[in-house]
2 protein chains.
Amino acid sequence: MEKLLRSKKIRITDFRISILNIFNKQSTALSIEEIETELGQFDRITLYRTLKLFKEKGILHEIAIAGSNVRLALCEQNCEDLHHHHHNHIHFHCVLCSEVYCLDVETYPEIGLAGFEVQQVEIQATGICKSCR
Amino acid sequence: MEKLLRSKKIRITDFRISILNIFNKQSTALSIEEIETELGQFDRITLYRTLKLFKEKGILHEIAIAGSNVRLALCEQNCEDLHHHHHNHIHFHCVLCSEVYCLDVETYPEIGLAGFEVQQVEIQATGICKSCR
DNA sequence: ATAATAATGCAACATTGTTGCATTATTATA
DNA sequence: TATAATAATGCAACAATGTTGCATTATTAT
């Protein structure tokens, strides 16, 4: 926790620790609303600034779901920063409970597009999750 | 154009026609800001309502890009409504010009997740587009 | 041409995210 | 461990984005 912040060369503060704690005890990705609920009392501006920093430092990654709110989830250990994520997982959005899961897949599909240089591929699946079936 | 609106059983109005015209002459997906620029003078509320309706009716689909604004693009002919899209294309986001392309792929990857019922798969690639290379 | 119905446009509001700045906390150094 | 340098926090104010209610106007079915 503190080790993570130290490795990213950013200051260790109570607020940042509590944000990390929230994500650590959670298996699914969180919306900002959910984070706010977990926090109890807090300053909205500090929250936004913290989330922005965590995204820039590769601590959290953002998942944009069409027709829903943005979700955030912890990055893998080896994400250097915002533009160098290294995850081989896909994002699953449940239409019933609307939870978003980060799920590992063995074989991550290769996408080849003539004329385009593909740097990263993000896969989102929609359907019914394990708990809702 | 008018045929499309008629087939969706919604009224044919000047505003809706002009929105469809903007999308027809465009090859890439559009942000709301870009639509507004194309429109010239317009009512913001009517625009939001029109876009919402078009999404519900399966005329437009929404592309949510992490760290960027939502984009909209025309659906394929056979999209019935919001929850029944039938496209075999992927969305490509250029890191240089930040355009979003809808690109067809021959082989659309199958995603299997134990315990999860996958209904739809959305693939987003990031990199450098044809024009920017 | 007319009645029924839906779309538009305005005002007002709600939500989401940002900037500047004074205060407070963290960190590096002596 | 005390102090200076520096970064984070929290407040106010603002900016951007999206929504609701309602009167007016346009479209459609007859």
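A note on names: the letters A, B, ... follow the listed sequences, proteins ahead of strands, and every chain is numbered from 1. Since we're looking at a predicted model, the values are computed, not measured.
- Residue B:Arg11 contributes atom CZ, which lies 13 Å from atom P of D:dA26 at whole-angstrom precision.
- When the C1' atom of C:dA6 is taken as reference, atom NZ of B:Lys52 falls 16 Å away, rounded to whole Å.
- The CD-C1' distance, from B:Gln41 to C:dC10, rounds to 15 Å in whole Å.
- Looking at heavy-atom distances under 4.0 Å, B:Ile32 makes contact with sugar-phosphate atoms alone, never a base.
- In summary, the side chains of A:His93 and A:Gln124 do not present any donor paired with an acceptor at a separation below 3.5 Å, with no hydrogens or angles considered.
- In this entry the distance linking CG of B:Leu39 with C1' of C:dT8 reads 14 Å, nearest Å.
- When rounded to the nearest whole Å, the span between CZ of A:Arg71 and P of C:dT16 equals 12 Å.
- Side-chain N/O atoms of A:Thr13 include none lying less than 4.0 angstrom from OP1 or OP2 on D:dA7.
- Across A:Cys97 and A:Cys129, no two heavy atoms sit closer than the pair SG-SG, 3.9 Å.
- Considering only heavy atoms from C-beta on, B:Phe92 stays 4.5 Å or farther from B:Val100 through its side chain.
- Look at B:Arg16 and you'll find a side-chain N or O under 4.0 angstrom from OP1 or OP2 of C:dA7.
- A:Glu38 and A:Lys25 are joined by a salt bridge, as a carboxylate oxygen and a charged side-chain nitrogen come within less than 4.0 angstrom of each other.
- For D:dG10, the base has no donor-acceptor partner in the side chain of A:Arg44 [N/O atoms by modelled type, under 3.5 angstrom].
- Candidate nucleotides C:dC21, C:dG9, D:dA26 were compared by shortest atom distance to the side chain of A:Arg49, and C:dC21 ranks first.
- Using a 4.0 Å heavy-atom criterion, one finds that B:Ile10 contacts no nucleic acid atom at all.
- Between the NZ atom of B:Lys9 and the P atom of D:dT28 there is a distance of 14 Å, rounded to whole Å.
- Between C:dT16, C:dT8, D:dG18, one nucleotide has an atom nearer to the side chain of B:Tyr48 than all others, and that is D:dG18.
- Side-chain contact between A:Ser31 and A:Val70: absent, with no pair of heavy atoms (C-beta onward) separated by less than 4.5 Å.
- Both key distances under 3.5 Å define a Watson-Crick or G-U pair, and stretches of 3 or more such consecutive pairs in DNA chain C run C:1-30 with D:1-30.
- Rounding to whole angstrom units, CD of residue B:Glu36 and P of D:dT17 are separated by 8 Å.
- Centroid-to-centroid, the aromatic rings of A:Phe15 and A:Phe42 stay 6.0 Å apart or farther.
- OP1 and OP2 of D:dA8 both lie 4.0 Å or more from every side-chain N or O belonging to A:Thr46.
- Among the nucleotides D:dT9, D:dC11, C:dA12, the one closest to the side chain of B:Ile45 is C:dA12.
- Ring planes of B:His89 and B:His61: tilted class, angle from 30 to 60°.
- Defined by atom type and a distance below 3.5 Å, a donor-acceptor pair is missing between the side-chain atoms of B:Gln119 and A:Thr126.
- Whole-Å rounding puts the B:Phe15 CZ to D:dT27 P distance at 14 Å.
- If you find the closest nucleotide of DNA chain D to B:Asp14 and to A:Thr50, the one lying nearer the 5' end belongs to A:Thr50.
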